Amino acid sequence: MGAKAGSVLGNLIGSAATSVTGQRPDSPLSTKALTTTILNHVRLGRLAKAVSILFSSAVPFPFSVYAHLFRICASNKAIVEARKLESHLVTFTPNPPVFLLNRAIESYGKCNCLEDARELFDEMPTRDGGSWNAMITAYSRNGRAEDALGLFSKMNAEGLFASEVTFASVLGSCGDVLELWLSRQVHGLVLKYGFVGNVILESSLVDVYGKCGMMSDARTMFDGIESPNDVSWNVIVRRYLEAGDGNEAVNVEEDEVVSSTLISMYAKCGDLESARRIFYLPCSKNLISYTCMVSAYALSGRMTEARELFDEMPERTVISWNVMLAGYTRFFEWDKALDFVILMRKRTKDIDHVTLGLILNMCAAIPDLELGKQVHGYAYRHGFYSNLFVGNALLDMYGKCGNLIRARIWFYEMSHLRDKVSWNALLTSYARHGLSEEAMVIFWKMLGETKPSKFTFGTLLAACANIFALALGKQIHAFMIRNGYDIDIVISGALVDMYSKCRCIVYAMKVFNKADSKDVILFNSMILGCSHNGMGGKAVELFETMEKEGIKPDHVTFQAVLRACISDGRVELGRQYFELISNRYCLMPQLEHYDSMIELYGQRFVNDHGPHQFREPCKHPRNLNDWCFPFYSEALEFVHNLDTIRFCRKQLLRYERTESLLCFLNGCVHKGAKSCCWLGADEKLFLYIFKMQRRQE
DNA sequence: CTAGGGTTAG
């Protein structure tokens, strides 16, 4: 039965689609099937095909089909299809509902075909508010401000209510033709119809007053907005700028408040030049604009300029001090931050919760537990301990300084006010110090009190990676997907890391490929993952992709590719990468890179000579090569200081090469004696050499 | 009226 019914349906669809006089045109079944076909075409982006099927079927379709198709026509600017649609609708539906005709007007408007829209509007047997709204919006969007405003007046005369969208359109048109008088009337209507608190309309009003040159009205309007959004800010800033450019005497310089607002807005948008321009206008310097400007410099990392300006301030508040300190901490200038705190203590008695938070961040970063404890005491004595921000900063400080006991105690002491940041901070402390299992226990407790955030999961995934808890890691991943958590670039990195550490490199790759944006850190995690899973070739490939995408590798990237070279025994490639570090990317090779090179050459020696074969050192060495085996002369190039020597020693001990070790150490002494005194301090090393020599004799 | 602060991944 099913198969037969299917073929009958197929015939029906075929005939209905090709002939206007199809069989049983009023059959609900055939309309339903046709609808499905039409919607399928729409879904595949074939709008013209969908409309032609509809057009050749002499049956009325459900309203929702027309509504849907009109929407698509509007967004695709498909005027031909829109006209066909309207004609089909009015032909086969005796009394088409007003709302569908309104949709048609909207579509014509979006297709910039105002004549079609107006024709339909005029011919409609009945019109509702939506028809007027659609027509007015169509005029307004197409730059026909006069027509839009004319129709709006008529609409009000007929006692119809304009919608939010219409008001926005009308206000836009008022701005286009600088209709201040009408704008004020519209303002009245906005209030009358209860649109108070509508950010979009209120911002539009700010805009239109600004355009009409009524900056004081714009300002009053703006101040009345309860929670201004980006658009509101953009509008007021743009209007003030225009006003300021056109007529300097009237604005900006007179209003200190505005100049401060502008400076801080520009600072937040990263436009330092504009901020400066406002600040250096005559009469705009005051305590607050100074602070804003210092903050603008500090936010963009220009700490020297920030400090110069800060030093020339005639007076300062605690906020001025704080913005300066925040700049130092934001850009990790801990020494300067510490000096600044000391200076601050000398110069002012003003310290508030923000200052304490910043100082605690500094203590956590240096790290300085003792100073942190002093801050704790200060906070206690001055009544800041019940401030959540200070409390969390304290918790973070104890955690980062490695004092988990105090972190835990403080966490319980602040139980009456703690939030999810507190939980995350505690969790992080445990995970960071390798206490991954304990971190998991804390997580389960956390669930009883608060909802986990993506920070929680980031931390947990790292903990899973540490203890190779693949099953739990997968559960967290699945939980995040199921509950719609954003798998952002950081979480992707944590997942890649967790999966590759758990030897689940295929999953790691999947996560990596799915990430919609990639930065150097994510690439690093993936490259490192490949290196650790014996996929050196893939790691090298990723490095090349990264270069192609214009992402600049950092020192971790090079560590990762060098590791790949080690795992694949690709000495020459490793050497090339090492040279890229300084030649192409202007980075300073770090200790770890030297270590990797030593390891790479060490491996080659083992490969070339077998584990237990080595040449006798020269009896009377004249140069470095005489001193050393092939490996050591090459590896020695990468010997930079005591740490690399220690690393070499470790490597040689690992391969149980006592004689080589002695020879190598001699080589180091030789090199050191010739060039610089970097060996000087390590008495232990010398003692070791002497001991070894004695044992040889 | 207008200015400042936090937790996450190699």
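What you see is a predicted model; the values in this text were computed from it and never measured. Per chain, numbering begins at 1; letters A, B, ... match sequence-line order. Hydrogens, waters and symmetry mates play no part in the numbers below; they use all other heavy atoms, side chains included.
Candidate nucleotides B:dG10, B:dT7, B:dA3 were compared by shortest atom distance to the side chain of A:V556, and B:dG10 ranks first. Side-chain atoms of A:N392 lie closest to B:dG6 of the nucleotides B:dT8, B:dG10, B:dG6. With B:dG6, B:dA3, B:dT8 as the candidates, the nucleotide lying closest to the side chain of A:I288 is B:dA3. Comparing B:dA3, B:dG10, B:dT8 by their closest approach to the side chain of A:C292 singles out B:dA3. Of the candidates B:dG10, B:dA3, B:dT2, B:dG10 carries the atom nearest the A:A462 side chain, counting heavy atoms from C-beta on. Here the side chain of A:N424 is nearest to one of B:dT7, B:dG10, B:dT8, namely B:dT7.
Dashed line: the shortest gap from a side-chain N or O of A:R316 to OP1 or OP2 of B:dA3 is not under 4.0 Å. At B:dG6, none of the side-chain N or O atoms of A:K420 fall inside 4.0 Å of OP1 or OP2 (strictly under the cut-off). Neither OP1 nor OP2 of B:dC1 sits under 4.0 Å from any side-chain N or O of A:R219.
For A:L495 and B:dG10, the CG to C1' distance is 14 Å, given to the nearest whole Å. In this structure, CG of A:N286 is placed 9 Å from C1' of B:dT2, rounded to the nearest angstrom. Going from atom CE of A:M480 over to atom C1' of B:dA9 covers 12 Å, rounded to whole Å. Distance A:Y430 OH to B:dT8 P: 16 Å, rounded to the nearest Å. In this structure, A:K285 atom NZ and B:dA3 atom C1' are separated by 17 Å, rounded to whole Å. Taking atom CE of residue A:M498 and atom P of nucleotide B:dA9, one finds them 15 Å apart after rounding to whole Å. Whole-Å rounding puts the A:R418 CZ to B:dG6 P distance at 23 Å. Rounded to whole Å, atom P of B:dG6 lies 6 Å from atom CG of A:N361.
Between A:T329 and A:N361, the side chains place no donor N or O within less than 3.5 Å of an acceptor N or O (distance only, hydrogens not considered). Residues A:R276 and A:Y280 have side chains that never bring a donor and an acceptor to within less than 3.5 angstrom of each other.
The only option from A:Y499, A:Y507, A:F523 that meets the ring pair (Phe, Tyr, Trp, His ring centres under 6.0 Å) definition with A:F512 turns out to be A:F523. Partner A:L522 forms a side-chain contact (heavy atoms from CB on, under 4.5 Å) with one of A:V520, A:D519, A:N524 and no other, that one being A:D519.
Across all strands shown, A:T456 has no heavy atoms under 4.0 Å from either base or sugar-phosphate atoms. Among the protein residues, A:V421 comes within range of the nucleic acid bases, having at least one heavy atom under 4.0 Å from a base atom. Heavy atoms of A:D488 sit nowhere under 4.0 angstrom from any nucleic acid atom. At the heavy-atom level, A:D419 lies under 4.0 Å from base atoms of the strands shown. Residue A:L528 is classed as a sugar-phosphate contact, given heavy-atom separations below 4.0 Å to backbone atoms only.
A salt bridge links A:R584 with A:E547: the closest approach of a Lys/Arg side-chain nitrogen to an acidic carboxylate oxygen falls below 4.0 angstrom.
When all heavy atoms of A:A469 and A:C502 are compared, the closest pair comes out as N-SG, 4.0 Å.
In this model, a side-chain donor or acceptor of A:T317 finds a partner on the base of B:dA3 within 3.5 Å.
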